Amino acid sequence: MEEKNINETAVTEAAEVKKDKKSAKDFLKALKQKKSTKLKNQALFKRGGYSLAITALFLVGIILFNWLVSALADRFNLEFDMTATKQNTITEENLDFIKDVKNPVSIVFCAKEDDYVGGMMSSYASYYYTVSDPNEANYYNQTINLVKKYADVNKNITLEFIDTQSTEFAKIASKYSNENISYGDIIVSGEVKGDDGKNMSRYKIISYQDIYTLTDESGMAAYGAGGYTIDGNNIETVVTSAISIVTSAETKKVLLLTGHSDSNYTEIFKKLLEVNGYEITVSDDALITSISKEFDAVAILAPNKDFLGSELDKIEEFLDNGEALGKGLLYFADATLPVLPNFSEFLLDWGIEMEDGILFETTANNRLEGDPYTMGTFPAEDKITSGMTYCITNYNVPLAATDPADERIGVTSLMSTSPTVVVAPKGSGSAWDDYSKSDMGTYSSVIQAEKTDIDDDNMEVSSYVIAFSSIEFIYSDWAEYDALSNKNIALAAADRATGVENTGISFIPKIIVNESFADAVSDASVAVVRMIFMILLPIAIVALGVVIFIRRKNA
């Protein structure tokens, strides 16, 4: 019995031990599962935290990137010029110059930025008889885009767009009360230190004609028929040249010789040159005994008294400049004044012939109504006449190119009349008709003689004599019309005669090219774009999605 109890006890204890082992095993298994679940949860939490952190950082990065782009856009021009001809891109030469500007320069645009295109199209269509052309608006937009880049490139250059109807513009205009400032003009101003250490204020007004190159395809725009079209933009040349003028301490000096004229045209021409950075000296000596080499050019305005041989020798010596050349003479004639035999002979030696009489326009469409002596004259193809329209003048002396005395002299017509002009005797009335068709011809209204040589540094140097057929290029109501080029050609001639033209910066005019995207892209490039965006990119996105799905499932 006792043995039986011992066996039962052993079996019971064995069962309990087995049960305890099973319980321990279950406990350990449960503990292991709990630990595994905890670790898994921790891993998931950790992975989720990383994902959340990465997402947050990504969002913060996007916000910071947008803020950075916005900040940079306020300070720099971040536009990309996608045009084939880089129509809205400043040239490298210009960029180098702009970056090097050290003095403060102000550029004032006489128009609101948003209204400029529409304002120009409405304001100048009647002035210049511009025809409806889709490129016209493009050129105006191009001007805005290019001028804005000046301030983007150099912090010393500030740009303002001023509403011409605002009080702010009235204050600005009052500073230039002697100027006829029009809608769309650009005022470039700055200060430089002179030789005496004092600051000198300088400015340059850039007008419509300075900026845009106009073409008359019909050949009838000057007569009020047909119209001009804009086919080039000189904004880089005129703005950069203006900056060069207002930041340069060098001053071109012109001597006005008035001693042989009874009429006072001095102030008109003097003001025109002074506002463009020239230093003007007036000499009313009746006898020219010497001309200082400090002057870059001399100007003679409608003389009515002839010059002595000795005086003309002094002028010739000045132009020769000890064989160094580099000087200029500007002459404005008046057909109502007496003939000047000595001075005419001087001009003839330079290849400029002055005939006796007065120009008479036989075509009614190219003259003032009822006045055949007041006529239009037109620019020839030359660098300084680029962008100019026509001029209107009266009292024109007949000018023509002839063989000069010196083979180094070349003669060029800068502006000329229509081919329907004749020479009338002085004093003829408007009804004069003593001419035939064979008498008609084209006469120069602005003619240039250039004497050229090579200096010791193997550089080309030139002296100029530029003659104008009429004083009305600078002294008449016509000279005040913005739509005419009277003063433009006078100033351009002064720039050439004094060498300003050679020291300024010039760039190829910006041309708007009408071309669609399809025209600019080849078939090969179209195939590449189609392959990337229609095949490769979608496949890459799908493949990336599959990889991410499999990895997340396995995890």
Side-chain angles (χ1 to χ4, degrees), residues 124 126-129 178-182 185 204-214 216 221-224 228 234 238 254 256 263-276 278 280 299-302 330-336 358-359 361 366-368 371-380 382-399 413-418 421 443-448 466-497 500-501:
Y124 287 93
S126 58
Y127 278 7
Y128 295 98
Y129 307 107
N178 59 337
E179 293 290 338
N180 185 18
I181 301 176
S182 302
D185 286 353
K204 172 76 175 177
I205 308 294
I206 299 172
S207 67
Y208 182 97
Q209 295 179 71
D210 298 322
I211 301 172
Y212 301 106
T213 302
L214 302 178
D216 176 14
Y223 302 99
Y228 291 99
N234 299 300
V238 295
V254 175
L256 301 186
S263 300
N264 183 16
Y265 302 116
T266 305
E267 289 305 313
I268 300 293
F269 195 51
K270 184 171 181 283
K271 182 181 73 173
L272 174 65
L273 296 183
E274 283 180 335
V275 299
N276 285 281
Y278 286 85
I280 309 301
I300 301 173
L301 311 179
L330 299 171
Y331 166 66
F332 293 84
D334 187 338
T336 65
I358 185 170
L359 294 185
E361 175 60 76
N366 191 37
R367 68 190 192 194
L368 193 65
D371 183 2
Y373 300 101
T374 302
M375 66 189 67
T377 60
F378 311 94
D382 189 273
K383 178 181 176 181
I384 66 172
T385 59
S386 175
M388 294 187 189
T389 58
Y390 59 97
C391 303
I392 295 180
T393 54
N394 195 354
Y395 314 126
N396 290 279
V397 170
L399 296 178
S413 179
L414 300 179
M415 299 199 81
S416 58
T417 70
S418 72
V421 170
Y443 290 85
S444 294
S445 53
V446 182
I447 193 165
Q448 165 194 290
I466 303 178
F468 289 76
S469 63
S470 174
I471 190 63
E472 288 204 351
F473 277 94
I474 57 172
Y475 190 82
S476 68
D477 291 339
W478 303 110
E480 303 305 321
Y481 279 69
D482 287 339
L484 301 178
S485 294
N486 288 40
K487 283 189 175 180
N488 298 71
I489 184 61
L491 180 60
D495 287 347
R496 175 164 287 181
V500 170
E501 179 193 28

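As the structure is a computational prediction, the values presented were derived from the model and not from experiment.
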message = Taking OH in Tyr395 as the centre, count heavy atoms belonging to other residues, nucleotides or ligands within less than 6.0 Å. Is the count above 12?
response =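 No.
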Taking all heavy atoms of [X] and all of [Y], pick out the closest pair and write down the distance.
X: Glu274; Y: Ile280; value: CG-CG1, 3.6 Å
X: Asp185; Y: Ile205; value: OD2-CG2, 4.1 Å
X: Asn234; Y: Tyr212; value: ND2-C, 4.3 Å
X: Phe332; Y: Leu301; value: CD1-CD2, 3.4 Å
X: Met375; Y: Glu361; value: CE-N, 3.6 Å
X: Thr385; Y: Ala380; value: OG1-O, 2.6 Å

What is the distance from atom [atom1] of [X] to atom [atom2] of [Y], rounded to the nearest 0.5 Å?
X: Phe473; Y: Phe269; atom1: CZ; atom2: CZ; value: 12.5 Å
X: Leu484; Y: Ile392; atom1: CG; atom2: CD1; value: 4.5 Å
X: Ile471; Y: Ser263; atom1: CD1; atom2: OG; value: 8.5 Å
X: Leu272; Y: Glu267; atom1: CG; atom2: CD; value: 12.5 Å

Between [X] (side chain) and [Y] (backbone), is there a donor-acceptor pair under 3.5 Å?
X: Asn396; Y: Ala335; result: no
X: Ser413; Y: Met415; result: yes
X: Thr417; Y: Tyr443; result: yes
X: Ser485; Y: Thr389; result: yes

Lys204 with Asp210: basic N within carboxylate O range, under 4.0 Å =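 A salt bridge is absent here (no side-chain N lies under 4.0 Å from a carboxylate O).
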ask   = Are side-chain heavy atoms of Leu491 and Leu273 found at a separation under 4.5 Å?
value =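 In short, these two side chains touch, coming nearer than 4.5 Å.
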query = Under 30°, 30 to 60°, or over 60°: which ring-plane class applies to Tyr475 and Tyr265, parallel, tilted or perpendicular?
reply =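 If you compare the ring of Tyr475 with that of Tyr265, the planes turn out perpendicular.
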Evaluation steps, side chain to side chain contact (heavy atoms under 4.5 Å, CB included), between Leu368 and Trp478 = CA-CA 11 Å; Leu368 193 65; Trp478 303 110; 3.8 Å; yes
key: Pairing residues for Thr374 by the side chain to side chain donor-acceptor pair (under 3.5 Å) criterion, not counting sequence neighbours   =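 Thr374: side chain to side chain donor-acceptor pair (under 3.5 Å) contacts with Asp371, Asn394.
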